[in-house]
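Scroll down for the structure; my scribbles are underneath it.
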Amino acid sequence: MARIHTLTRRHDAPAMLVQLTDSHLFGEPETSMLGVNTDASLRAVLRQIEADGKHPDLLLATGDLSQDGEAAGYQRFARILSESAALDRATIRCLPGNHDQPSVLRQELSDWSMPVTDVGAWRVVTLDTTVPGSNAGHLCNSELDMLEAALAQAPNRHTLVAMHHNPMQIDSHWHDSMMIDNPQALFKLLARFPQVRVLLWGHVHHEFDRRRHNLRMLATPSTCFQFSIRDGKHIVDNMAPGYRWIKLYQDGSMATGVRRVQDALWHTALQPPDSARAA
């Protein structure tokens with residue numbers, strides 16, 4: 001069983017969680033991708049969090065922190081987050097995505113890579129869905145075993161599970177070959193533990209909110225460029241980047257929303273288009 005970190009906080013207060021995802025930083029600073037300076041757009045999202053008055057207890061960075069897996073990108077990611085006034089009291093947790101190098105991420109961000117964190121009446125479990133050499137996702141047995149142990153150990157804690165890859169098709173008119181390839185193993189496990197309230201992911205670069213029985217399933221815009229599905233095709237969208245906030249209450253209820261960067265902050269991140277692409 002993974003070591004568990006418990007956040008110290010007033011027992012009866014709701015916990016504030018913020019999700020950032022898919023920042024796609026490069027080893028070389030201030031690099032532009034699909035017309036967006038990914039460093040500048042991450043900073044713009046953090047300024048938006050501050051402008052919104054959000055001061056999270058827990059920040060989740062759900063994969064593709066880096067585009068090229070270089071150590072310098074993770075070091076800069078840590079520096080940008082550490083300099084944000086909005087995160088002055090936040091505990092930070094991160095997990096890898098398909099563009100990350102998981103071993104480099106865990107080396108550079110070791111203090112942020114613990115998979116089980118308790119906050120208030122909730123437990124937050126982060127999963128690694130990456131497959132070496134592939135953009136697709138998979139939940140290996142060791143990750144499923146870790147999740148099962150974390151759930152079995154705390155049946156009275158409401159639980160949020162976070163990962164990078166989506167566990168279901170986002171749009172029925174588009175076949176997603178890069179979601180996790182064994183979602184039924186995950187859902188079969190979660191069905192045994194009714195305390196799991198939220199399943200959260202990144203990867204898709206847009207907002208998603210759906211229910212599956214007692215489970216709230218959520219995806220969040222990227223901190224840089226956005227994707228959408230139109231006429232059965234996967235395209236780059238011109239919507240601004242954003243983040244998701246989730247308020248976790250002691251009784252297991254929750255409130256959530258997505259906030260996008262407002263125009264004045266977003267325009268500073270735009271750069272002339274280039275030919276780079278990601279997913």
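No path of Ile, Leu, Val, Met, Phe, Trp and Tyr side chains, each step under 4.5 Å between heavy atoms, connects Leu95 with Phe208, placing them in separate hydrophobic clusters. Linking ILVMFWY side-chain heavy atoms closer than 4.5 Å, directly or via other members, places Met146 and Val131 in two distinct hydrophobic clusters. If you chain together hydrophobic residues whose side chains sit under 4.5 Å apart, Val258 and Val36 never meet in one group.
Among Met239, His203, His205, the single residue meeting the side chain to side chain contact (heavy atoms under 4.5 Å, CB included) criterion with Ser222 is His205.
Side-chain atoms of Thr256 come within 3.5 Å of backbone atoms of Trp245 as a donor-acceptor pair (strictly under, hydrogens ignored). Remark: side-chain polar atoms of Thr21 are paired, donor with acceptor, to backbone N or O of Thr62 under 3.5 angstrom. Thr38 places a side-chain N or O within 3.5 Å of a backbone atom of His24 that can act as its donor or acceptor partner. Between the side chain of Asn182 and the main chain of Ala185, no donor-acceptor pair closer than 3.5 Å is present. Under a 3.5 Å cut-off, the side chain of Gln250 and the backbone N or O of Gly120 do not form any donor-acceptor pair. The backbone N or O of Leu81 lies less than 3.5 Å from no partner atom in the side chain of Ser84, so there is not a single donor-acceptor pair. Remark: the backbone N or O of Leu189 is not paired with any side-chain donor or acceptor of Glu148 at under 3.5 angstrom.
Contact check on Asp128 versus Arg106 returns a salt bridge, with a Lys/Arg side-chain nitrogen under 4.0 Å from an Asp/Glu carboxylate oxygen.
The minimum heavy-atom distance between Ala162 and Leu60, with the atom names listed, is CB-CD1, 3.9 Å. When every heavy atom of Cys224 is checked against every heavy atom of Ser23, the shortest pair comes out as SG-O, 3.8 Å. Residues Ala219 and Trp201 come closest through the heavy atom pair CB-NE1, 3.3 Å. The nearest pair of heavy atoms linking Pro56 to Val18 is CB-CG2, 3.8 Å. Closest of all the heavy-atom pairs between Gly97 and Thr130 is O-CG2, 3.3 Å. Annotation for His138 and Cys140: closest pair CD2-N, 3.6 Å, computed over non-hydrogen atoms.
There is no side-chain donor-acceptor pair under 3.5 Å between Thr126 and Arg93. No hydrogens or angles considered: a donor-acceptor pair under 3.5 Å links the side chains of Thr220 and Gln19. Using modelled atom types and a 3.5 Å distance limit, the side chains of Arg123 and Gln153 yield a donor-acceptor pair.
With contacts defined as side-chain heavy-atom distances shorter than 4.5 Å, the pair Leu147/Val161 qualifies. Put simply, the side chain of Arg259 does not reach to within 4.5 Å of the side chain of Arg244, judged on heavy atoms. Residues Asp100 and Gln67 have side chains not in contact (no heavy-atom distance under 4.5 Å, counting atoms from C-beta outward). Side chains of Pro115 and Leu127 form no contact here, defined as non-hydrogen atoms less than 4.5 Å apart. Put simply, the side chain of Phe227 reaches to within 4.5 Å of the side chain of Val236, judged on heavy atoms. In this structure the side chain of Met33 reaches within 4.5 angstrom of the side chain of Phe225, judged on heavy atoms. Counting heavy atoms from C-beta outward, Pro241 and Gln226 have side chains that approach closer than 4.5 Å. Side-chain contact check for Asp22 versus Thr223: every heavy-atom pair is 4.5 Å or farther apart.
With rounding to the nearest 0.5 angstrom, the CG atom of Leu42 is 6.5 Å from the CG atom of Leu20. Rounding to the nearest 0.5 angstrom, the gap separating the CD1 atom in Ile246 from the CG atom in Leu200 is 5.0 Å. Note that CZ of Arg210 and CE of Met217 are 6.5 Å apart. Values are rounded to the nearest 0.5 Å. The CD1 atom of Ile170 lies 11.5 Å from the CD atom of Glu207; values are rounded to the nearest 0.5 Å. In this structure, CG on Asp181 lies 8.5 Å from CG on Leu139, to the nearest 0.5 angstrom. Here CG of Leu17 is found 8.5 Å from CG of Asp57. Values are rounded to the nearest 0.5 Å.
Judged as a salt bridge (charged side-chain N to carboxylate O under 4.0 Å, His left out), the pairs with a partner in residues 70-83 (not counting sequence neighbours) are, in order, Asp39-Arg76.
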Starting from the C-alpha separation in whole Å, work towards a yes-or-no answer on side-chain contact (heavy atoms from CB on, under 4.5 Å) for Arg260 and Tyr243. CA-CA 7 Å; Arg260 294 185 182 270; Tyr243 70 94; over 6 Å; no

Please test Leu59 against Thr91 for side-chain contact (heavy atoms from CB on, under 4.5 Å), starting from the C-alpha separation and ending with a verdict. CA-CA 6 Å; Leu59 181 133; Thr91 294; over 6 Å; no

Stepwise side-chain contact (heavy atoms from CB on, under 4.5 Å) test for Gln262 and Gln48: CA-CA 7 Å; Gln262 302 304 295; Gln48 188 65 55; 3.4 Å; yes

Verdict with supporting geometry, Asp52 and Arg47, side-chain contact (heavy atoms from CB on, under 4.5 Å): CA-CA 9 Å; Asp52 292 341; Arg47 287 195 297 271; over 6 Å; no

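In this structure, His164 has its ring center no closer than 6.0 Å to that of His99.
Classified by interplanar angle (parallel below 30°, tilted 30° to 60°, perpendicular above 60°), the ring pair Trp112/Phe77 is perpendicular. Ring orientation note: the planes of Trp122 and His158 are tilted relative to one another, at an angle of 30° to 60°.
The ring pair (Phe, Tyr, Trp, His ring centres under 6.0 Å) check on Tyr249 picks up nothing, with sequence neighbours excluded. Not counting sequence neighbours, Arg197 has no partner by the salt bridge (charged side-chain N to carboxylate O under 4.0 Å, His left out) test.
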